Chemist: 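Starting off with a structure, shown below.
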Amino acid sequence: MSDDSRHPFLKGLSKHRGAQPTIITIFGASGDLCARKLVPAIYNLAVDNLLPADFSLIGYGRKPIPDDEFRKLAHDSITQFSRRPLNEDIWNRIEKNAHYCSGGYDELDAFVALKEKIEAVEKDMGREAQSVIYVSTPPSVFEPIIKNLGASGLATRYQDADSHTKVVIEKPFGKDLDSARHLNKVIQGVFQERQVYRIDHYLGKETVQDLLVQRFANSIFEPLWNRQYVDNVQITVAESLGVGTRGGYYEQSGATRDMIQNHTMQLLALTAMEPPVSLDPEAIRDEKVKLLKAIKPLNLDYQNSDVIRAQYTEGLVDGQKVEGYRQSEGVSPESETETYASLRLNINNWRWEGVPFYLRSGKRMARRVTEIAIQFKRPPSTLFSENEMFNLAANSLVFQIQPDEGSTVLLNAKIPGLQTRTQPVKMHFKYSATFGSNTPEAYERLVLDAMLGDGTLFIRGDETEASWSLITPLHEFWASEGQRGMENYVSGSWGPRAADRVLWEKGHEWRRP
Ligand code: BG6
C-alpha cells in the first residue's frame with residue numbers, strides 16, 4: 001500500500017469508487033488551465049483509482065490539431081505540472097481514450113460533430129456514459145457554448161438528462177450583477193440548476209473544506225462563534241506574484257473581481273454562516289446565500305469608507321526588484337485597475353451584529369498567504385492588567401489556508417519563574433506534520449465531485465448573484481470617480497497605509513501573517 005492510500009482524505013474518498021462511466025469534454029483544451037490543472041487532475045485521479053473503468057477525455061478547441069498531438073500535449077502537461085511523477089502505464093490507460101475535436105464556439109455544426117463523436121465513444125464503451133462538459137474558455141464565449149450545447153442536443157442527450165449531462169463553468173462568472181444574472185438565465189434556458197457546477201477553486205482546497213470540519217465537528221468553537229466573544233475577523237488572501245503576462249485580462253478585472261467577489265467572499269461565507277441542517281449540498285449553499293444576503297451595503301463615502309483600493313508600485317519581493325503594475329505588459333500607464341482591495345463588512349444578523357469582518361486581497365504583497373483570523377475580545381483586565389509584567393494579547397484562532405496549512409491558537413501563558421509574568425504563546429496544528437504533505441490539488445477534488453454529481457463545493461446561481469450584489473455598487477462608484485481614492489503600495493509590502501486607517505477607526509489593526 002502506498003503512503004497516499006493511507007491518507008485519511010483518500011480513505012474518505014474510497015467509498016466513491018465506481019463513478020458511472022464518464023466522457024469528459026473540455027472546452028478550451030489548448031488553454032493554460034487545461035494544461036496546468038485539469039489534465040494533471042484527471043491523471044492524479046487515475047493514479048488514485050478514482051476514475052471509472054469506462055472513462056474518456058475529449059478536448060475541444062478552435063485550433064485544429066490531430067488526436068496524437070493532443071495526447072502529446074496532455075502527456076507533457078502531466079510531466080510538467082502533475083504533483084506526482086508520470087507513470088506510463090497509468091497514462092496509457094487515459095491516452096488510448098483521449099480524443100480531440102476542433103471547431104468554433106459559435107459553430108453549431110461543430111457541436112453537432114462533437115455530439116456524434118461523444119456517441120461514437122459511448123458506442124465503443126458499450127454502455128451509456130454521462131457527459132461532463134467542462135467550460136474552461138475565456139468568459140466571452142460562455143454564452144455561445146451554452147446555447148450550442150442546447151441547440152445541438154448535447155445538453156439533453158438522454159431522457160433523464162439530469163444524471164447524464166453536467167456542465168462545469170470556470171470563473172469569472174460575470175463581471176457584475178447584470179452580466180451574472182444574464183449568464184444564469186442563459187444557463188437555466190438549457191440546463192437544470194442541479195446539472196450546473198460553477199467553479200471557485202478555493203472551495204476545492206483541503207484547508208477550506210477543513211474549515212467546515214473544524215467549525216462543525218468540534219464543540220469547543222460554536223459557543224464562542226458570535227458577537228459576544230469575537231472582536232473582529234480578518235481574512236487575508238495575499239499573493240507575492242504580480243500580474244505577469246495576464247495584464248490584458250487583469251486590466252478588465254482587478255482585485256475585487258479576480259479575488260474578492262469569489263474566493264474571499266466564499267471564505268467569509270464558510271466562516272460566518274449558520275450551521276447547515278445537514279451536509280447536503282443545498283443545505284450548505286442555502287446557509288451561504290443567507291449569510292451573503294445579510295451583509296450590509298458598503299459605505300463608500302470618502303470620509304468613512306469601508307473600502308480601500310490601491311495599485312502596487314515597483315519594489316522588492318523576495319529580494320528581487322520588481323516593476324510596478326502600470327509598467328507591466330498589457331497594462332495601461334494610466335490604469336485605474338486596483339491590484340489590492342480591502343473591505344470592512346458588517347453582517348446584519350443576530351450572531352454577528354457589530355463585529356467587523358475585514359477582507360483584503362492583493363498582488364505583489366510581502367508574501368503569499370491565505371488565512372482566516374478570528375480575533376477574540378480581550379479578557380476583563382481586573383487580574384492581569386497591562387503593565388510591563390503582563391504582556392497580554394487578545395486570543396486568536398487562525399486558519400492557515402495556504403501555504404503552511406494548519407491552524408494556530410494564540411493564548412497567554414505564564415513565563416516560568418518566581419514572578420508572575422505573562423507572554424503570548426502559540427498552539428499549532430500543521431497538516432504536513434500530521435498527515436504528510438502529498439495532499440490532492442483543488443482541481444482533483446472538483447473534477448471528481450462533478451463526475452459524482454456532488455455540488456457542495458460549487459457555487460449556486462443565487463450565491464454568485466448575492467455576492468455580485470455587494471460588489472457591483474462599488475465598481476459603479478469607482479467608475480464614476482476615476483482615479484480618485486486610488487492609493488499606492490510598494491511591491492513587497494502589506495498594502496497601503498490607508499488600509500490600516502480603516503481598522504484603526506475601530507481600534508483594530510491588521511495582523512502581520
Ligand atoms: C485565480 C486568479 O482565480 O486565483 C489569479 O485569477 C490568482 O489571479 C489565483 O493568482 C490564486 O489562486 P491560488 O490557488 O494560487 O491561491
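Excluded from the calculations below are hydrogen atoms, water molecules and symmetry mates; all remaining heavy atoms, backbone and side chain alike, are included. Small disclaimer: the values here were computed from a predicted structure and weren't measured. Both ligands and their constituent atoms are indexed starting at 1 by order of listing.
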Chemist: Please identify which of these residues, Glu465, Glu282, Glu193, meets the salt bridge (Lys or Arg N to Asp or Glu O under 4.0 Å) condition with Arg460.
Modeler: Glu282
Chemist: State yes or no: are the ring centers of Tyr340 and Tyr489 separated by less than 6.0 Å?
Modeler: yes
Chemist: How far is atom 14 (O) of ligand 1 from its nearest protein heavy atom, and which residue and atom name does that atom have?
Modeler: Lys205 NZ, 2.6 Å
Chemist: Would you verify whether the NZ or CZ of Arg198 falls within 45 degrees of the ring axis of Phe458 while also being under 6.0 Å from that six-membered ring's centre?
Modeler: no
Chemist: When you compare the side chain of Lys37 with that of Glu441, does any pair of heavy atoms fall below 4.5 Å?
Modeler: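 Contact flag for Glu441/Lys37 side chains = yes.
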Chemist: What is the closest protein heavy atom to atom 15 (O) of ligand 1, and at what distance does it sit?
Modeler: Arg368 NH2, 3.7 Å
Chemist: If only side-chain N and O atoms count, and only distance matters, is there a donor-acceptor pair under 3.5 Å linking Thr337 with Gln311?
Modeler: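 No, no side-chain donor-acceptor pair sits under 3.5 Å.
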Chemist: I'd like to check which ligand 1 atoms, numbered from 1 as shown, lie under 4.0 Å from a non-hydrogen atom of His263.
Modeler: 1 (C), 3 (O), 4 (O)
Chemist: On the ring face of Tyr202, is Lys205 found with NZ or CZ under 6.0 Å from the centre and within 45° of the axis?
Modeler: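 Yes, Lys205 lies over the aromatic ring of Tyr202.
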Chemist: Could you check atom 16 (O) of ligand 1 against the protein and tell me its nearest heavy-atom contact, residue, atom and distance included?
Modeler: Tyr202 OH, 2.5 Å
Chemist: Just need the protein heavy atom nearest to atom 9 (C) of ligand 1, so name the residue and atom and give the distance.
Modeler: Glu239 OE2, 4.1 Å
Chemist: Quick test: of every protein heavy atom, which one is nearest to atom 12 (O) of ligand 1, and how far off is it to 0.1 Å?
Modeler: His201 NE2, 3.2 Å
Chemist: Under 4.0 Å from a heavy atom of Lys363: give me the atoms of ligand 1 that qualify, with their elements.
Modeler: 5 (C), 7 (C), 8 (O), 10 (O)
Chemist: Could you walk me through whether Gln130 and Lys166 pass the side-chain hydrogen bond (donor to acceptor under 3.5 Å, both in side chains) test, one step at a time?
Modeler: CA-CA 8 Å; Gln130 67 167 346; Lys166 290 160 184 149; 2.5 Å; yes
Chemist: How close does the nearest protein non-hydrogen atom get to atom 8 (O) of ligand 1, and which residue and atom is it?
Modeler: Asp258 OD2, 2.6 Å
Chemist: Which atoms of ligand 1 are found less than 4.0 Å from any heavy atom of Lys171?
Modeler: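 Listed by number with element, the hits are 1 (C), 2 (C), 3 (O), 6 (O).
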